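Keep in mind the model is a prediction, meaning the values are calculated, not measured. Computation of the quantities below employed the complete heavy-atom set of this structure, encompassing side-chain atoms and omitting hydrogens, waters and symmetry-equivalent molecules.
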Amino acid sequence: MSSEIDFSDFGVTELKNIEVGDHFLWGGILYQKTAPYWVPGDTLHDDLDMKNSFDVQTAKFAFFYGEELVIPVSLKMKVSSRAGGQ
């Protein structure tokens, strides 16, 4: 496995200015923006919670307000099969 990281152009923007499907950093964690949707509540007092992003590392959905300041990022991924049992 290999990776290439480009640490240039770290502009900060509001979450509402990022398109659905785009990735962003918030608090040092990588997220992907999703279309808003309702899920069963996480607390005893909430019947439903709205989620609008996905934590890429933990595979958990989260909610952010549109005014949250985040860092938009671009990802380049390459997927290949492991031929020959490598």
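Of all non-hydrogen atoms in Met50 and Pro36, the two that sit nearest each other are SD-CB, 3.8 Å.
Residue pairs that meet the salt bridge (charged side-chain N to carboxylate O under 4.0 Å, His left out) test with at least one member in residues 57-69, sequence neighbours left out, do not exist here. Each salt bridge (charged side-chain N to carboxylate O under 4.0 Å, His left out) pair with one or both residues in residues 16-33, not counting sequence neighbours, appears once here: Glu14-Lys16.
The main-chain N or O of Gly21 is found under 3.5 Å from a side-chain atom of Gln32 such that the two form a donor-acceptor pair.
The side chain to side chain contact (heavy atoms under 4.5 Å, CB included) search around Tyr37 returns Thr34, Val39, Lys51, Phe61, not counting sequence neighbours. With sequence neighbours left out, Thr58 forms a side chain to side chain donor-acceptor pair (under 3.5 Å) with Asp55.
Leu15 belongs to a hydrophobic cluster whose remaining members, ordered by chain and number, are Ile18, Phe24, Trp26, Ile29, Tyr31, Phe64, Val70; membership requires side-chain heavy atoms of ILVMFWY residues under 4.5 Å apart, directly or through intermediates.
Put simply, Val12 and Leu30 are part of the same group of oily side chains (I, L, V, M, F, W, Y) that touch within less than 4.5 Å, one to the next.
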